[in-house]
A.B. asks: 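There's a structure below that I have some questions on.
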Amino acid sequence: MEILFQQIINGLVLGSMYALVALGYTMVYGIINLINFAHGDVLMVGALVSWTVVTALASLGLPGWVLMLAALVCAILVCTLLNYTIEKIAYRPLRSAPRLAPLITAMGMSLLLQTLAMIIWKPNPKPFPQLLPADPIHLGGAVITVTQIVILVTTVVILGGLLFLVNHTKMGRAMRATAENPRVASLMGVKPDAVISLTFIIGAALAAVAGLMWAANYGTAQHTMGVLPGLKAFTAAVVGGIGNLAGAMVGGVLLGLIEAIGAGYLGDWTGGVLGSHYSDIFAFIALILVLTLRPSGLLGERVADRA
Amino acid sequence: MFQTKSSKLITFLIAGVLLLVLPLFAQQFGNGPVRIIDLALLYVLLALGLNIVVGYAGLLDLGYVAFYAVGAYLFALLNSPHLSENFEHIAAAFPNGLHLPLLLAIALAALLAGLFGVLLGAPTLKLRGDYLAIVTLGFGEIIRVFLNNMEYPLNITNGPRGIGQIDGVHFLGFEFSQSHEILGLSVNSVSMYYYLFLALVIASVLICYRLENSRIGRAWMAIREDEIAAKAMGINTRNMKLLAFGMGATFGGVAGSMFGAFQGFVSPESFSLQESIMIVAMVVLGGIGHIPGVILGALLLAALPEVLRYVAGPLQEMTDGRLDASILRQLLVALAMIVIMLMRPRGLWPSPEHGKSRPLPPGAQPPANAGSAINA
């Protein structure tokens, strides 16, 4: 029972990070129907920028949360600027090209970001310092760290804010209108290009937050760290129903829980044949199951035909 | 077309002679250049296979490398001492290890990979476009995780350490992994493999051309252009899609088994997601659905970065070791993917446009013989 509780906590923390990244995928996909393969690598850039800021300021003797905030601000700045530029130079010229062309530039962009990060930061993993109090808090047999609590609270606040932005503001209405039909939206005075840029900026900010969280939680940052979270987050977005914000959140949390619980129990269930190192496949098995049973995802209303 | 039959024949003959002489020329510079050409040919084989799935049937498959892996591992298991070392009853039955002849090994690899292709295709039939892309990507990852971990409790894949000591190809008592004297010329092992791979590539190109113009190929393209209309015309879209997956995977399996034989070693590292993306990039960069374009794309992405290794040395010194050959290669591939798509979104050598995708001048009537461009 304690193990289950512990795995649920781990799953929620992991899932909230997936959810943040998944939102970036789902918003971009909802508006321009592009799997932005470089999105996971924006997370990686966020983590490495955070690492640079934290190590550069370490000698000043500032308290941990100040360093964390400074890293967060810098990571968000760099990532939003980066994602805005990527959209402008790599995706915008291809709006009317065959569907595969922007997908390939996105893959190329992902590879490019990883290579540049490798050149700038060198390939070795960077140890990310423990900034918040390291003492674990006991919670009915399970333990949770301060970092994990911060991750959960921040995610809930951000998700709430984003839902409000999209559903109750003028900007959000413009986004929804563009997702529905860019041409009609432009007749109503919405500027689709501006909305798309904004979407990329918001997505990048969320990925930057997730990158810092990832590095702080696992204590390491590296140029390849974005690939797997990126894939899993996209999977989460599809499982939840792509283009649907609430779906991305549900999908992310669900995937985190499935993975953590699966990793904790797989060894017991299979009599030791399959161990926790198989945990990476849960996301994809869940994906195949969900899409076979519900091709539009759990909360998706749009028909799979659109894809 | 503008070429007459005889001038076409002459072009073919010249190309044929050049292709035959190429390794003999290249081996003057050592085995390195020939190895690069060999691997490039394997990529051509892979790209042709993926082109069946993506180019003809329009099913975006990002997990293609899984079939390559299946072929390579099957060949490795059947032609290395690994199974005999780890399983007593196999050692009892085949004390010297199983050493399958070439044709049987290729056939088995093709069969198993094709089976996996159908297995992947079956649950994804309802999915299209990007949904399919992400599911196939997941499938590729699942296979890789299994390859990485299937060493306990039964050691089947030997985990991340991979399987080594794989036999080279032997065909009718002819060893491809040794040098031979042919007509007074000494042809070394890598060049022998070149001829083998070239033969496979030529066979594949022929198969692809025949497929393209067959009822099956036309059915695939109909599905690619408009699935609902294809269904309405009486095409069994389910079977056709499964066939496309199976056929594409078969090519992957053959290429994989040859890769295993050529390298003598397989490990999960060779079958990463990066590799899948690279093969998709080859197909799309070259010109999707167009055989010459696909070959061009594969040769370009496979061979050019290797050539760069020779310029990497000075660059590495200039940049304090930050820009070594592998990083430079990755940088170049990434830039190529972005720049080529931005400049030529339909690929470097696209197929002649036809049907829905053919751009019409404003106000023009569609030409009466629009469909016949497929034959050109």
Side-chain angles (χ1 to χ4, degrees), chain A residues 29 33-35 37 86 89-90 93-94 96-116 118-120 122-123 227-228 231 234-235 237-238 242 271-275 277-281 283-289 291-292 295-297 304-307, chain B residues 54 60 62 120 122-135 137-142 144-146 148-149 152-154 227-228 273-274 277-278 280-281 283-285 288 319 321-323 327-342 344-347 350 357:
Chain A
Y29 195 91
N33 280 344
L34 166 72
I35 305 181
F37 265 96
I86 291 177
I89 61 169
L94 290 173
S96 55
R99 292 280 318 261
L100 277 178
L103 192 71
I104 297 290
T105 53
M107 290 170 176
M109 205 38 105
S110 160
L111 196 58
L112 183 67
L113 287 183
Q114 282 177 45
T115 316
L116 291 179
M118 185 154 64
I119 294 171
I120 296 171
K122 300 266 175 89
V227 178
L228 218 49
L231 285 184
F234 185 74
T235 305
V238 174
I242 196 146
V273 175
L274 302 176
H277 36 266
Y278 280 90
S279 70
D280 278 345
I281 65 176
F284 303 116
I285 290 178
L287 173 82
I288 293 173
L289 282 181
L291 285 185
T292 317
S296 51
D305 256 22
R306 261 197 61 146
Chain B
V54 186
L60 181 51
L62 292 185
L120 162 69
T124 60
L125 284 173
K126 278 194 234 155
L127 307 171
R128 295 243 291 273
D130 302 331
Y131 283 77
L132 183 67
I134 197 75
V135 170
L137 194 157
F139 180 78
E141 281 296 289
I142 291 175
R144 205 178 51 82
V145 169
F146 271 97
N148 238 326
N149 291 308
Y152 174 84
L154 291 177
E227 188 174 343
I228 295 167
L273 177 64
Q274 207 84 296
I277 287 181
M278 189 75 92
V280 174
V283 173
V284 180
L285 289 188
I288 189 160
T319 54
R322 277 170 189 248
L323 260 181
I327 297 183
L328 196 66
R329 172 178 197 261
Q330 210 172 315
L331 195 66
L332 186 93
V333 169
L335 283 175
M337 286 166 79
I338 298 167
V339 173
I340 295 179
M341 278 298 105
L342 285 177
R344 295 188 68 107
R346 291 177 49 83
S357 53

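Remember, predicted model here, so these are calculated numbers, not experimental data. Lettering follows sequence order; numbering is per chain, from 1.
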A.B. asks: Side chain, backbone, both or neither: which part of B:Leu62 has a heavy atom under 4.5 Å from chain A?
C.D. replies: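 Contact with chain A: side chain only.
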A.B. asks: Counting C-beta onward and ignoring hydrogens, is there a side-chain heavy-atom pair between A:Leu287 and B:Tyr131 closer than 4.5 Å?
C.D. replies: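 No, every pair of side-chain atoms sits at 4.5 Å or beyond.
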A.B. asks: If you compare all heavy atoms of B:Pro345 against all heavy atoms of A:Pro98, which two are closest, and at what distance to 0.1 Å?
C.D. replies: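 In terms of heavy atoms, the two residues are closest at CB-CD, 4.0 Å.
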A.B. asks: Do B:Met337 and A:Met109 have side-chain heavy atoms sitting under 4.5 Å apart?
C.D. replies: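 No - every pair of side-chain heavy atoms lies 4.5 Å or more apart.
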A.B. asks: Under 4.5 Å heavy-atom distance to chain A, tell me which part of B:Leu137 shows up: side chain, backbone, both or neither.
C.D. replies: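 Just the side chain, heavy atoms under 4.5 Å.
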A.B. asks: Does any part of the side chain of B:Val135, heavy atoms only, come nearer than 4.5 Å to the side chain of A:Thr292, both counted from C-beta?
C.D. replies: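 Heavy-atom side-chain distance check fails, nothing below 4.5 Å.
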A.B. asks: For A:Pro93, what residues pass the side chain to side chain contact (heavy atoms under 4.5 Å, CB included) criterion, not counting sequence neighbours?
C.D. replies: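 So A:Pro93 forms a side chain to side chain contact (heavy atoms under 4.5 Å, CB included) with B:Leu342.
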A.B. asks: Give, as side chain, backbone, both or neither, the part of A:Leu94 having an atom under 4.5 angstrom from any heavy atom of chain B.
C.D. replies: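 Looking at A:Leu94, just its side chain touches chain B.
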A.B. asks: To the closest 0.5 Å, what do you measure between CZ (A:Phe37) and CD1 (B:Ile134)?
C.D. replies: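 Those atoms lie 5.5 Å apart.
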A.B. asks: Could you give me the CA-CA distance, side-chain angles and deciding distance for A:Asp280 and B:Glu141, then say whether side-chain contact (heavy atoms from CB on, under 4.5 Å) is met?
C.D. replies: CA-CA 8 Å; A:Asp280 278 345; B:Glu141 281 296 289; over 6 Å; no
A.B. asks: Would you name the heavy atoms of B:Ala281 and A:Ile104 that are closest together and state the gap between them?
C.D. replies: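 Heavy atoms of B:Ala281 and A:Ile104 come nearest at CA-CD1, 4.1 Å.
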A.B. asks: Side chain, backbone, both or neither: which part of B:Val339 has a heavy atom under 4.5 Å from chain A?
C.D. replies: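 For B:Val339, there is no contact with chain A at all, as no heavy atom is under 4.5 Å.
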A.B. asks: Which bit of B:Val284 comes within less than 4.5 Å of chain A, counting heavy atoms only: side chain, backbone, both or neither?
C.D. replies: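 Contact with chain A: side chain only.
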A.B. asks: I'd like to know whether A:Met107 forms a side-chain contact (heavy atoms from CB on, under 4.5 Å) with B:Met278, so could you lay out the CA-CA distance, the side-chain angles of the two residues, the decisive distance to 0.1 Å, and finally the verdict.
C.D. replies: CA-CA 9 Å; A:Met107 290 170 176; B:Met278 189 75 92; over 6 Å; no
A.B. asks: At a heavy-atom separation under 4.5 Å, does B:Ile288 approach chain A through its side chain, its backbone, both, or neither?
C.D. replies: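 Just the side chain, heavy atoms under 4.5 Å.
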A.B. asks: Would you give the length of the straight line joining atom OG1 of A:Thr115 to atom CG of B:Leu332, rounded to the nearest 0.5 angstrom?
C.D. replies: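 That separation rounds to 10.5 Å.
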A.B. asks: What option among A:Ile285, A:Val227, A:Ile120 has the most heavy-atom pairs under 4.5 Å with chain B?
C.D. replies: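 Most heavy-atom pairs under 4.5 Å with chain B: A:Ile120.
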A.B. asks: Could you measure the distance from the CG atom of A:Leu103 to the CG atom of B:Leu60? Nearest 0.5 Å is fine.
C.D. replies: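 A:Leu103 CG to B:Leu60 CG: 6.0 Å, rounded to 0.5 Å.
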A.B. asks: Heavy-atom distance under 4.5 Å to chain B: side chain of A:Leu228, backbone, both or neither?
C.D. replies: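 Just the side chain, heavy atoms under 4.5 Å.
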A.B. asks: With sequence neighbours left out, what residues match A:Phe284 under ring-ring contact (aromatic ring centres under 6.0 Å, His included)?
C.D. replies: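 Not a single residue meets the ring-ring contact (aromatic ring centres under 6.0 Å, His included) criterion with A:Phe284.
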A.B. asks: Which atoms form the tightest heavy-atom contact between B:Ala334 and A:Gly108, and what is the distance?
C.D. replies: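 Distance-wise, the nearest heavy atoms are CB-O, 3.5 Å.
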A.B. asks: Quick one: closest heavy-atom pair of A:Leu116 and B:Leu331, and the distance?
C.D. replies: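 Here A:Leu116 and B:Leu331 meet closest at CD2-CD1, 4.0 Å.
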A.B. asks: Heavy-atom distances under 4.5 Å only: say whether A:Leu34 touches chain B with side chain, backbone, both or neither.
C.D. replies: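 Contact with chain B involves no heavy atom of A:Leu34 at all.
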A.B. asks: Which atom pair, heavy atoms only, marks the closest approach of A:Leu111 to B:Gln330?
C.D. replies: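 Distance-wise, the nearest heavy atoms are CD1-NE2, 3.5 Å.
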